[in-house]
Q: 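Pasting a structure here, questions to come.
We use all heavy atoms of the structure for the numbers below, so side chains are in, but hydrogens, waters and symmetry mates are not. Below, chains carry the letters A, B, ... as their sequence lines are ordered, and counting in each starts from 1.
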Amino acid sequence: MEPPMILGIDVVSMLLGGLAAGMVLFIVSVGLSVTMGLMGFVNLAHGGFAMLGGYVVVLVMRTFGIDFYFALLIGFIVIAGVSVAFERLLYSRLYRASELDQVLFTIGLVFIFIASVTVLIGPENQPLFLPSALRGQLNLGFIEYRTYSLFLIAVGIAIVLGLWFGFERTRIGAQIRAAVDNRRMAESLGINIGRLFTLTFAFGSGMAALGGGLGAEFLGLDPQYPLKYLVYFLIVVAVGGLGRVTGVFLAAALIGILDFVLKKYLPQGGTLFIYALTILLLLWRPQGFFGRAA
Amino acid sequence: MSASAIADAHPAARALARRHRLRWWEPLPWVLAVAFYFLFPNYLGFGTELMVTILFALSLDLALGYAGIVTLGHAAFFGAGAYTVGILAYNGIWSEPITSLALAAGAAALIGLLSGLVLLRTTGLTLLMLTLCTMALLEETANLAHDYTGGFDGLPSLPIPPIFGIFEFDPLYSSTQYLYVLTVLFVCFVFVRTLVYSPFGHSLTGIRENTLRMHAVGAPVRTRLVACYTISAAIAGIAGGCWAQANAYVNLSTLGLDRAATVLIILVLGGYGRLYGAFVGAVAYMTLEHFLSRAYPSAWQLGLGLLLVLIALFARGGILGLWDALSLRFHGKRAQP
């Protein structure tokens with residue numbers, strides 16, 4: 001076996017493939033990062049909302065023949081709405097509880113999600129059929145690449161720009177940043193923290209649903225989804241830093257590309273490196289690579 | 001002499017001095033365990049698994065319940081112990097059961113010490129992530145080191161010689177395994193019980209309740225936590241070693257998130273920081289699982305999820321906590337704290 005040649009084209013195609021996977025990781029995880037940063041809530045059920053979103057997208061497309069883009073929007077709205085109920089009725093009772101209680105509660109939720117989906121829809125993988133415009137290859141002039149991957153990258157970049165703008169340039173973004181940095185101070189300035197929590201939680205879960213729908217094509221969609229990818233979502237958040245949109249974006253892109261490259265050249269031990277790097281990074285900077293020190 | 005004088009002097013001092021005394025119901029689990037041996041000879045395989053699970057949950061109770069170290073990766077030590085026994089026996093290096101368990105404890109304790117030295121500098125989410133990643137790292141390593149660990153398939157049919165050269169492990173009829181693991185559990189339990197009522201144990205509780213104050217009174221917090229984590233790892237390693245010997249095989253399931261989450265659920269279900277939570281939780285969980293999970297897997301998972309949500313919301317002390325609350329209601333203030 002001769003060693004693989006790395007050509008310019010190869011590097012670009014690997015970067016694009018990894019970036020596309022990273023964008024899905026980003027879209028799912030960004031809500032987790034913000035809610036963990038804002039509320040200090042260890043929400044292991046976040047991937048569950050992503051899975052439910054994916055199911056809503058697939059089922060709406062299949063049952064009503066709605067197109068992909070509109071189905072994504074419906075997935076976002078439905079899951080954001082459902083998560084408001086979860087936040088008001090359940091999560092809000094545990095904001096002051098210990099981490100252990102939060103971990104147990106959210107693991108319990110994951111089990112409930114998995115069991116319900118298995119019973120109601122079935123244990124098998126649900127295929128997602130992309131619209132014809134997103135299938136096939138797109139010619140970029142110097143390289144031909146999968147249209148869907150390029151679409152994901154475009155969507156991811158649009159979302160990070162939108163979120164950055166929302167975070168840095170709007171009133172509500174300023175309120176969230178203030179609450180992440182110092183909740184008591186923000187509260188005494190008259191910011192309605194409870195409402196802020198609910199809004200952020202709903203938005204984060206809606207984003208997870210969007211990511212679940214966008215990623216279903218290559219991550220698959222079956223009841224074990226929330227547990228299968230849990231460690232990945234957590235690693236992205238831990239590396240990116242809590243409550244840091246751009247940090248999570250960079251971390252997700254990095255891990256997506258790293259995973260893609262390692263799977264290609266080290267199909268056996270790729271994940272080993274990611275775990276080891278995460279451990280080293282967290283020991284060096286417990287607040288994450290891009291996070292600010294507390 | 002002087003200690004008893006103090007104990008007579010003040011009711012609070014008396015209560016403190018009496019905390020570690022044996023209570024009337026404490027021999028009960030052991031009586032039941034021996035009775036189980038005679039009453040259910042066909043369920044001894046299940047009983048062995050139960051004893052191993054209790055031992056594993058007990059090790060977690062020491063770290064989580066007493067020292068307050070919230071870990072999602074305790075199966076790392078269970079797996080380390082199981083693979084130590086497995087690799088030594090499979091390659092014919094060493095297979096005498098009791099010394100193998102000591103080696104398993106040593107290997108797990110070493111991993112616990114090394115990881116604890118660096119991991120326990122962090123708290124909260126970072127600690128959760130680090131324990132999770134450390135376990136995932138070990139699992140992936142075991143998966144990759146195919147030549148030593150058998151990879152995904154594990155190491156089958158381990159040759160385990162008879163205990164003391166007399167009592168043979170019978171793969172079909174688990175009576176030897178049951179009594180063996182029961183004895184190991186008893187020895188470990190006496191050790192853990194002594195430990196948590198010692199000054200060392202009380203300082204762990206102090207760290208759990210108020211780390212800052214323990215720093216302020218000059219307690220060596222980090223050292224205590226690492227020591228506790230190492231001891232807990234060693235006991236988890238013994239549990240893993242017992243598992244490997246009783247089943248005569250090792251596989252990746254000993255290292256997975258499933259096992260780590262299950263033992264956490266068991267401990268919390270029974271009630272953590274109470275020693276006997278491990279017993280109550282394991283019996284309740286394993287019995288329910290044994291009868292429900294194969295017949296109605298989804299209903300079992302749904303019920304387990306609901307149970308966890310309810311415990312987190314309403315019953316943080318688990319089954320034993322509920323029991324305490326009930327007995328407090330009936331007996332007023334005389335009930336044990």
Q: What part of A/L234 is in contact with chain B, defined as an atom under 4.5 angstrom from a non-hydrogen atom: side chain, backbone, both or neither?
A: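 Both parts, backbone and side chain.
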Q: Looking at A/Y95, I'd like to know if its OH atom is crowded, meaning that more than 12 non-hydrogen atoms belonging to other residues, nucleotides or ligands lie closer than 6.0 Å.
A: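 More than 12 within 6.0 Å, yes.
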Q: Any chance you could measure B/I69, atom CD1, to A/L100, atom CG, to the nearest 0.5 Å?
A: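 Answer for the CD1-CG pair, B/I69 versus A/L100, is 12.5 Å.
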Q: Restricting to non-hydrogen atoms, name the atom on A/F105 and the atom on B/A312 that form the minimum distance, rounded to 0.1 Å.
A: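 That would be CB-CB, 3.6 Å.
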Q: At a heavy-atom separation under 4.5 Å, does A/L277 approach chain B through its side chain, its backbone, both, or neither?
A: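 When you check distances to chain B, no heavy atom of A/L277 falls under 4.5 Å.
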Q: Using 0.5 Å steps for rounding, measure from the CG atom of B/L313 to the CG atom of A/L94.
A: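 Here the rounded value is 5.0 Å.
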Q: Counting heavy-atom pairs under 4.5 Å with chain B, which one of A/P123, A/A276, A/G108, A/A238 comes out on top?
A: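 The answer is A/G108.
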Q: Taking every non-hydrogen pair under 4.5 Å, which of A/V231, A/I114, A/L109 racks up the most with chain B?
A: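 Of the options given, most contacts go to A/I114.
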Q: Given a strict heavy-atom distance threshold of 4.5 Å, which part of A/V103 is in contact with chain B: side chain, backbone, both, or neither?
A: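 Only the side chain of A/V103 comes within 4.5 Å of chain B.
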Q: What I'd like to find out is whether the side chain of B/L72 reaches to under 4.5 Å of the side chain of A/L44, using heavy atoms alone.
A: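 Sidechains of A/L44 and B/L72: in contact.
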Q: Which bit of B/L137 is near chain A, if near means a heavy-atom gap under 4.5 Å: side chain, backbone, both or neither?
A: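 B/L137 touches chain A through backbone and side-chain heavy atoms alike.
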Q: Please classify the contact between A/I274 and chain B as side chain, backbone, both or neither, with a heavy-atom cut-off of under 4.5 Å.
A: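 Answer is neither: A/I274 stays 4.5 Å or more from chain B.
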Q: Quick check on A/F218: does its CZ atom have over 12 non-hydrogen neighbours (other residues, nucleotides or ligands) under 6.0 Å away?
A: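 Check passes, neighbour count above 12.
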Q: Under 6.0 Å from the CG atom of A/L89, do we count more than 12 heavy atoms belonging to anything else shown?
A: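 Atom CG in A/L89 is crowded, with more than 12 foreign heavy atoms closer than 6.0 Å.
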Q: How far does OH of A/Y275 sit from CG of B/L138, to the nearest 0.5 angstrom?
A: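 So the OH of A/Y275 and the CG of B/L138 are separated by 12.0 Å.
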Q: Name the option with the most non-hydrogen atom pairs under 4.5 Å to chain A; the candidates are B/L144, B/L306, B/V70.
A: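 Among B/L144, B/L306, B/V70, the one with the most close pairs to chain A is B/L144.
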Q: To the closest 0.5 Å, what do you measure between CD1 (A/I107) and CG (B/L304)?
A: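 The CD1 atom of A/I107 sits 9.5 Å away from the CG atom of B/L304.
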Q: Any idea which heavy atoms bring B/S298 and A/A115 closest together, and the distance?
A: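 Between these two residues, the closest heavy atoms are O-CB, 3.4 Å.
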Q: Identify which of A/L282, A/V42, A/D101 forms the greatest number of heavy-atom pairs closer than 4.5 Å to chain B.
A: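 With the most close heavy-atom pairs to chain B, the winner is A/D101.
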Q: Against chain A, label B/L310 side chain, backbone, both or neither, depending on which of its atoms sit under 4.5 Å from a heavy atom there.
A: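 Neither the backbone nor the side chain of B/L310 comes within 4.5 Å of chain A.
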Q: Report which part of B/L302 has an atom under 4.5 Å of a heavy atom belonging to chain A: side chain, backbone, both, or neither.
A: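 It is both, since atoms from each part get that close.
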Q: For B/L128, is it the side chain, the backbone, both or neither that has a heavy atom under 4.5 Å from a heavy atom of chain A?
A: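 When you check distances to chain A, only side chain atoms of B/L128 fall under 4.5 Å.
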Q: Identify which part of B/V268 has an atom lying under 4.5 Å from any heavy atom of chain A, answering side chain, backbone, both or neither.
A: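 Side chain of B/V268 only, per the 4.5 Å heavy-atom cut-off to chain A.
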